[in-house]
**Q** 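Please read through the structure below; I'll follow up with questions.
For ligands, and for the atoms within them, numbers begin at 1 and follow the listed sequence. Computed from a prediction, not measured in an experiment: that's the story for all the values here.
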Amino acid sequence: MDEQQTKKVNTYEVAKSRIKHAVEQLDLPMDVYERLKAPDRIIETALPVKMDDGSIRTFTGFRSQHNNVLGPYKGGIRFHPDVDSNEVKALSMWMTFKCAVVRIPYGGGKGAVVCNPRELSRGELERLSRQYINSVALVLGPDTDIPAPDVNTDGQIMAWMADEYCKIRQRNDFGVITGKPLDVGGCVGRETATSRGVFHATKEAARHLNLPLEGARVVIQGYGNVGYNCARFLADEGCRIIAVTDSRGSAYDEKGLDPDSLLQHKKDTGSVGGYSQDSPIKTIKELFSLDCDIIIPSALENQIDADVARDVKAKIIAEGANAPTTPDGDEVLKDNNVLVIPDILANSGGVIVSYFEWVQNNYSYYWKEEQVEHSLQEKIMDAFHEVYCYCHYEKDGITMREAAFMYALERLAEVMKVRGWWG
Ligand code: GLU
């Protein structure tokens with residue numbers, strides 16, 4: 001199933017328009033927008049890699065550093081064949097707002113390599129990952145810019161990248177990258193952190209709507225790390241996962257899919273497709289228009305536009321992915337009273353636990369799983385309540401997305417002003 005059906009939307013323009021809208025809503029001077037409308041720096045780099053057959057293939061890599069007023073640039077690195085500089089710029093802006101909304105001392109960054117990791121051998125993937133770090137090492141650092149996993153990258157790739165960085169700097173600076181395996185300074189619970197955060201936020205939203213999770217029907221787009229773990233956490237809570245799609249197919253069962261055997265099927269065949277005999281879902285629109293209570297988009301950007309949004313029957317959309325809803329999709333969802341937990345809040349669990357990992361690396365002292373889980377829950381629930389109250393009591397009639405952007409922007413504008421960046 002083509003996850004990028006609606007990708008004609010320019011995500012960078014969307015990011016700018018969301019920031020401008022928040023500046024206007026808060027009645028801040030346009031100088032604030034001027035400081036935030038473009039990344040501080042974007043690097044585009046050629047990455048020549050020796051392939052297994054001995055030939056050289058040159059990939060393109062990006063690192064965008066949006067804003068560091070609150071702390072070092074922070075954000076994942078994605079490997080995807082369709083990624084471009086506009087997408088990376090936009091996603092780095094999202095990170096600035098994400099870190100500000102959950103009150104962690106980071107700015108926003110994002111990286112990418114244009115490649116299809118499915119077509120690369122393990123050796124090629126390792127050489128490409130190391131080459132990427134070689135190209136951008138000079139602008140990275142535990143106090144400067146800290147990458148992490150994103151779409152199609154994982155702990156092993158972070159380990160190669162951290163190792164390469166340490167070799168270049170001739171010292172063990174593991175805090176330069178988060179999302180590492182436990183053996184190289186990773187944090188327990190980092191792998192499931194994004195989904196755990198989505199789960200806590202969804203549960204809280206359901207509570208506000210008096211929607212019992214027991215028996216709630218859930219639809220999930222994307223079955224990578226985030227999609228699978230969300231399915232697992234929600235199924236454990238009694239939800240029925242009625243439909244799941246990935247880039248190649250779909251699975252459907254009104255009685256509820258078993259997350260683990262579905263994952264096994266995906267590992268065996270490369271897709272969730274074919275798991276259930278005849279899934280009726282052939283398009284994104286069909287997926288999102290299913291009769292259900294909760295939708296978790298956990299694939300790519302721009303999936304829910306106005307056309308798709310019109311048919312949404314769910315009461316809650318929890319954005320596991322970054323920027324899955326377009327601005328016109330948002331308007332329709334608002335009119336139809338769908339509660340959207342925006343990406344910068346819903347999926348912030350990943351970067352929150354990245355922050356815990358970095359703190360532990362800095363102190364060389366490691367926490368137990370209970371401490372990580374407790375602190376994650378506390379942080380995301382605090383942010384949820386701040387944003388929820390902001391949109392229901394302080395500025396009535398705005399969406400949670402608008403509230404999250406405004407709440408984050410207030411903080412960013414305040415700190416930029418104190419530091420003399422405007423005003
Ligand atoms: N890639 C994740 C995100 O978009 C995690 C970023 C991080 O941990 O730095 O939030």
**Q** Give me the one residue out of E301, E87, K98 that meets side-chain hydrogen bond (donor to acceptor under 3.5 Å, both in side chains) with N322.
**A**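 That would be K98.
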
**Q** For ligand 1, note which part of P149 has a heavy atom under 4.0 Å away: side chain, backbone, both or neither.
**A** backbone

**Q** If the contact criterion is a heavy-atom separation under 4.0 Å, does M158 count as touching ligand 1?
**A**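 In this structure, M158 fails to qualify as a contact of ligand 1 - no heavy atom is under 4.0 Å.
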
**Q** Check whether H66 reaches the backbone of L36 with its side chain - one donor and one acceptor, N or O, closer than 3.5 Å.
**A**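 The answer is yes, because a donor-acceptor pair under 3.5 Å joins these two groups.
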
**Q** State the atoms of ligand 1, each with its element, that fall below the 4.0 Å cut-off from a heavy-atom position in G350.
**A**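 Checking each atom against G350, I get 8 (O).
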
**Q** Looking at ligand 1, does G75 have a heavy atom less than 4.0 Å from it?
**A**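 Per 4.0 Å heavy-atom rule, G75 contacts ligand 1.
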
**Q** Go through ligand 1 atom by atom and flag the ones less than 4.0 Å from a non-hydrogen atom of M95.
**A** 3 (C), 4 (O), 6 (C), 10 (O)

**Q** Under 4.0 Å, heavy atoms only, figure out whether ligand 1 is touched by the backbone of R78, its side chain, both or neither.
**A** neither

**Q** Please write down residue, atom name and distance for the protein heavy atom closest to atom 5 (C) of ligand 1.
**A**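 Of the protein heavy atoms, R190 NH2, 3.6 Å lies nearest.
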
**Q** Please name the pair of heavy atoms, one in C187 and one in E357, separated by the smallest distance, quoted to 0.1 Å.
**A**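 Scanning both residues, the minimum pair turns out to be CB-CB, 3.6 Å.
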
**Q** For P72, run the side chain to side chain contact (heavy atoms under 4.5 Å, CB included) check against D145, T144, I146, L140 and tell me which one passes.
**A**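 Single pass found, and it is I146.
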
**Q** Parallel, tilted or perpendicular: which one describes the rings of H208 and Y388, with boundaries at 30° and 60°?
**A**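 Rings of H208 and Y388: parallel, under 30°.
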
**Q** Among all protein heavy atoms, pick the one closest to atom 8 (O) of ligand 1 and tell me residue, atom and distance.
**A**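 So the nearest neighbour among protein heavy atoms is S354 OG, 2.6 Å.
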
**Q** Could you give me the CA-CA distance, side-chain angles and deciding distance for Q303 and F288, then say whether side-chain contact (heavy atoms from CB on, under 4.5 Å) is met?
**A** CA-CA 9 Å; Q303 302 298 302; F288 289 126; 4.2 Å; yes

**Q** Using a 4.0 Å heavy-atom threshold (strictly under), name the region of N322 that reaches ligand 1: side chain, backbone, both or neither.
**A** side chain

**Q** Are any side-chain N or O atoms of D293 and backbone N or O atoms of R217, one a donor and one an acceptor, separated by less than 3.5 Å?
**A** yes

**Q** Taking only non-hydrogen atoms of K110, do any sit less than 4.0 angstrom from ligand 1?
**A**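 K110 counts as a contact of ligand 1 under the 4.0 Å cut-off.
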
**Q** Without swapping roles, check the side chain of K334 against the backbone of G397 for a donor-acceptor pair under 3.5 Å.
**A**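 Answer holds: yes.
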
**Q** Considering only the protein, which heavy-atom contact is closest to atom 1 (N) of ligand 1, and what is its distance?
**A**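 In this structure, atom 1 (N) of ligand 1 has D150 OD1, 2.7 Å as its nearest protein heavy atom.
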
**Q** Which heavy atom of the protein is the closest neighbour of atom 3 (C) of ligand 1, given with residue, atom name and distance?
**A**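 For atom 3 (C) of ligand 1, the nearest protein heavy atom comes out as K98 NZ, 3.3 Å.
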
**Q** If the test is side chain to side chain contact (heavy atoms under 4.5 Å, CB included), which one of I317, I294, V218 qualifies with T202?
**A**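 Between T202 and the candidates, side chain to side chain contact (heavy atoms under 4.5 Å, CB included) is satisfied uniquely by I294.
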
**Q** To which protein heavy atom is atom 9 (O) of ligand 1 closest, and what is the distance rounded to 0.1 Å?
**A** K74 NZ, 2.8 Å

**Q** Enumerate the atoms of ligand 1 whose separation from the nearest heavy atom of A148 is less than 4.0 angstrom.
**A**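 Those atoms are 7 (C), 8 (O), 9 (O).
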
